[in-house]
Each structure stands twice: as C-alpha cells, then as structure tokens.
S.K.: 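Sending over a structure as structure tokens; questions will come in a sec.
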Amino acid sequence: MKRFQNRVAESRYTLSLMVVYALGIWYLGGLVERQLYFQLAFLTVSTYLMMELNNSNALIRIYSRMVSCSFLALTTTATFLFPSLREALVQLCLITFYTIIFHTYQDKEAPGLTFYAFLCLGIASVLFVQVLFFVPFLWLLIGFKMMAFSFRMFCASLIGLLMPYWFLAPMSLFTGHVDTLAAHFMGIAQFQPLFQYQDISEHYIVTFSFVCLVALIGTIHFLRNSYMDKIRTRMIYEMLMWMNLITIVFIILQPQHFEILLGLMIVNTSPFIGHFIALTHTRLTNTVFYALIALTLLITFYNLWMP
C-alpha cells in the first residue's frame, strides 16, 4: 500500500506544486519590494541543476523529483538568505561542480571535465575565498570516492581554480586595485577568530538545527540501506556525506560565514532527505514525513514574520 509520502514522492506534479509554493514564499519574503529577481533566477537554475544531478546519476532508484523538491524546500525555509546574491551564486557554483565532477567516476583521463568543475569553484572563490578550504578535501574525495584522480587531473583542477584570477589580476593591475586582490587572498590565511557566535541569531540557530536534523535522518537512512544502491551511487552519496560533515565543522568553527555555508550544506543535504522520502514506506517514516512538512512550514513562517 502506498502511503502519503510515496504518493508525493512519485507524483509528477510535486515539483510544480513546490515551485508554486516557493514563489509564494519568495513573494512574501520581498521578491517585488526588494527586487530579488536575480536571486530568484539563480535559485531557479540551481533547482534545475539539482534535478539534472538526480537524473544523470540515478541518485534515487525510482522516478522521483524529491532531490530538487527537497533542495527547494530547504532553501525556501531559510528566508534570510533571499537577499544574498553572493550566497545564491556560490551555491550555484557548488551544484555545477557536482554536476560535472560526478561524470568523471573511474575516469582518470578526464582533465577537461575536471577543469570545468574546478573552474566553478574558482568562480565561487572570487565571491567567497574560503571555499578554497574545501579543495584539499575534494581532491581526496575525488581520488577515493570517484576514483578519478591523477597528475593530469590535479593539474587541470589547479588551472581551473586559477582561471578566474588570470582575468582579474590584469584588471586589478590596470585599474590600480592590486591591494584589493591581495587582501582578497589574505582572507584564506585568516582562519581566526574561531567560535564567534555573537552575531548568530535565533533564526540562524533554528534553521541550522533543522537542516542538521534533516541531514541526520537522511544520512542514517542511507547508511542503513546503501547496499541496495549501485556502487557508483553509493560513492556519490559518501562524497556528499563527507562534504556535509566538513561544512558543519566549518560552520561551528567560523560561524561568521554562516549564510554561505548554510547554502552549501543545503546542497549536500537535499539528496539524502530526498532519498529517504522517496524510498521508505513504513508507518513511522510516513509520520516523520508529516512532521518534516510541519517543521518546514513552521520554520519558514517563523523566519518570515518573527523579528
């Protein structure tokens, strides 16, 4: 017998209804008054790429749009992120990176794909230089999980990361803003101070706790049932799992970057909770699904209207 969560997960109308809901929340969040059209456009592209990420990698064994729906729901919950064009761009860059790099699975002769994937991270680093902290971990994960690392791939990744700066450096020199570019790179060397929570509001804490709860539910489900997925799918999820853990540690250590890191955490979390909703069918998981819907609505309206 199909339960409510399964009917929702397998319906061809779920994503369309989710888009209508998200547009309504964005309207209430100031889409027109605050002119958030570019931010919404980037979210639209990100949602489409999350759908392609699911389709091209078979992240869910059955027909389901829950990966993109989960991404849209979690991103819309964090209404305080709506005005941040920087966060939307960095989030889009990470999704594009995953979309490209997952195609290199077991292919150590794909420097072209590696270049384009790391070019996305290079663009993200122009906006948020601390994203470079993830690069050593990504090299390890690509080597051990994607099994696609070689000297050529390493060189391609470095060229991709540096490519945006090959354009920015001459521009900075020409306009006399070399000091600005140097100060940008100094940000990567300034990992202090740590644990600065004085600017973390209750809205941040509530939303972060909810995303952590969702990530925990999805991750536990995956670890218990991963044997049912193909090896390639398992490797992708394990890479996302490690990236999520690293992002959570980063948030705890440097909460001053909370907003951008929360956006990255939502990208890593969405496939897990989508996997959980689409592929479970017990009475308990159906109850959990109802609870997640209720929490999503409550936190969304809390972030919208509570000062």
Side-chain angles (χ1 to χ4, degrees), residues 4-5 8-9 11 13-48 50-51 64-88 90-92 95 199-218 244 247-248 251 255 258-274 276-278 285-307:
F4 178 68
Q5 74 173 96
V8 170
S11 173
Y13 302 105
T14 300
L15 182 57
S16 300
L17 292 173
M18 191 66 226
V19 168
V20 173
Y21 165 78
L23 286 173
I25 298 300
W26 272 75
Y27 179 78
L28 294 173
L31 174 62
V32 178
E33 293 86 348
R34 303 165 77 178
Q35 302 291 301
L36 304 178
Y37 301 116
F38 282 111
Q39 291 87 333
L40 181 60
F42 284 121
L43 176 62
T44 302
V45 177
S46 295
T47 304
Y48 173 76
M50 289 296 289
M51 182 174 66
S64 178
R65 299 294 189 204
M66 287 314 299
V67 171
S68 47
C69 288
S70 299
F71 169 76
L72 198 54
L74 291 174
T75 305
T76 304
T77 299
T79 59
F80 47 80
L81 297 181
F82 289 1
S84 177
L85 187 59
R86 185 169 154 227
E87 182 276 329
V90 173
Q91 191 179 56
L92 176 59
I95 298 170
D199 295 327
I200 299 299
S201 68
E202 290 181 2
H203 293 270
Y204 285 9
I205 295 171
V206 169
T207 308
F208 175 65
S209 301
F210 175 62
V211 177
C212 284
L213 174 64
V214 169
L216 182 64
I217 292 170
N244 219 12
T247 305
I248 292 171
I251 291 174
F258 176 82
E259 291 191 358
I260 289 182
L261 292 174
L262 179 66
L264 303 186
M265 186 180 170
I266 287 172
V267 174
N268 295 321
T269 298
S270 300
F272 286 95
I273 196 61
F276 166 80
I277 294 171
T285 59
N286 195 56
T287 303
V288 171
F289 179 61
Y290 280 119
L292 289 176
I293 291 175
L295 283 172
T296 300
L297 293 173
L298 285 172
I299 294 172
T300 300
F301 290 112
Y302 168 72
N303 285 334
L304 270 177
W305 286 311
M306 293 296 290

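All values below come from the heavy atoms of this structure, side chains included, with hydrogens, waters and symmetry mates left out.
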S.K.: How many angstroms lie between CZ in F258 and CE in M265, if you round to the nearest 0.5 Å?
M.R.: 8.5 Å
S.K.: Between the side chains of Y290 and Q5, does any donor sit under 3.5 Å from an acceptor?
M.R.: no
S.K.: Work out which heavy atom in S270 is nearest to a heavy atom in L74; give both atom names and the distance.
M.R.: OG-CD1, 4.0 Å
S.K.: Between F80 and Y204, is the ring centroid distance below 6.0 Å?
M.R.: yes
S.K.: Would you please test V67 and M51 for side chain to side chain contact (heavy atoms under 4.5 Å, CB included) and show each step?
M.R.: CA-CA 7 Å; V67 171; M51 182 174 66; over 6 Å; no
S.K.: Given side chains that start at C-beta, do those of F289 and V8 come closer than 4.5 Å, heavy atoms only?
M.R.: yes
S.K.: CG/L292 to CD1/I277 distance, rounded to the nearest 0.5 angstrom?
M.R.: 6.0 Å
S.K.: Can you check whether L43 reaches L72 side chain to side chain, under 4.5 Å on heavy atoms?
M.R.: yes
S.K.: Would you give the length of the straight line joining atom OG1 of T207 to atom CG of L81, rounded to the nearest 0.5 angstrom?
M.R.: 8.0 Å
S.K.: Using the side chain to side chain contact (heavy atoms under 4.5 Å, CB included) rule, take Y37 and V32 through it: C-alpha gap first, then chi angles, then the decisive distance, then the call.
M.R.: CA-CA 8 Å; Y37 301 116; V32 178; 3.9 Å; yes
S.K.: Answer whether the closest heavy-atom distance between the side chains of T47 and M18 falls below 4.5 Å.
M.R.: no
S.K.: Distance check, rounded to the nearest 0.5 Å: I260 atom CD1 versus R86 atom CZ?
M.R.: 3.5 Å
S.K.: What is the distance from atom CG of L264 to atom CD1 of I251, rounded to the nearest 0.5 Å?
M.R.: 8.0 Å
S.K.: Specify the closest pair of heavy atoms between G29 and L36, including all atoms of both residues, with the distance to one decimal.
M.R.: O-CD1, 4.1 Å
S.K.: Compare all side-chain heavy atoms of L297 with those of Y21 and state whether any distance is below 4.5 angstrom.
M.R.: yes
S.K.: T75 and Q91: side chain to side chain contact (heavy atoms under 4.5 Å, CB included), yes or no, with the steps?
M.R.: CA-CA 10 Å; T75 305; Q91 191 179 56; 3.9 Å; yes
S.K.: Ignoring hydrogens and geometry, is there a side-chain-to-backbone donor-acceptor pair from S64 to A9 under 3.5 Å?
M.R.: yes
S.K.: Identify the heavy atoms of T296 and A73 that sit nearest to each other, and give their distance.
M.R.: CG2-O, 4.3 Å
S.K.: Taking side chain to side chain contact (heavy atoms under 4.5 Å, CB included) as the criterion, tell me which of V206, L213, T77 meets it with L295.
M.R.: L213
S.K.: If you define the side chain from C-beta out and look only at heavy atoms, does anything of Q39 sit under 4.5 Å from W26?
M.R.: yes
S.K.: Please say which of N268, I266, T269, L262 ends up in a side chain to side chain contact (heavy atoms under 4.5 Å, CB included) with T247.
M.R.: N268
S.K.: Closest heavy-atom contact between I248 and C212?
M.R.: CD1-SG, 4.4 Å
S.K.: Measuring only between side-chain heavy atoms, which start at C-beta, is E87 closer than 4.5 Å to F42?
M.R.: no
S.K.: Would you say the side chain of F301 lies within less than 4.5 Å of the side chain of T79, judging by non-hydrogen atoms?
M.R.: no
S.K.: In terms of ring plane angle, is the pair H203 and Y302 parallel, tilted or perpendicular, where the classes change at 30° and 60°?
M.R.: parallel
S.K.: Answer yes or no: does atom OH of Y27 have more than 12 heavy-atom neighbours from other residues, nucleotides or ligands under 6.0 Å?
M.R.: no
S.K.: Hey, is CD on E202 packed in by over 12 heavy atoms from elsewhere, all under 6.0 Å?
M.R.: no
S.K.: If you define the side chain from C-beta out and look only at heavy atoms, does anything of F82 sit under 4.5 Å from I25?
M.R.: yes
S.K.: Run the side chain to side chain contact (heavy atoms under 4.5 Å, CB included) test on I205 and S201 for me, step by step, so that the C-alpha distance in whole Å, both residues' side-chain angles and the decisive distance to 0.1 Å come before the verdict.
M.R.: CA-CA 6 Å; I205 295 171; S201 68; over 6 Å; no
S.K.: Between P83 and R34, what is the shortest heavy-atom contact and its length?
M.R.: CG-NH2, 3.0 Å
S.K.: Roughly how far, to the nearest 0.5 Å, is the CE atom of M66 from the CG atom of L15?
M.R.: 9.5 Å
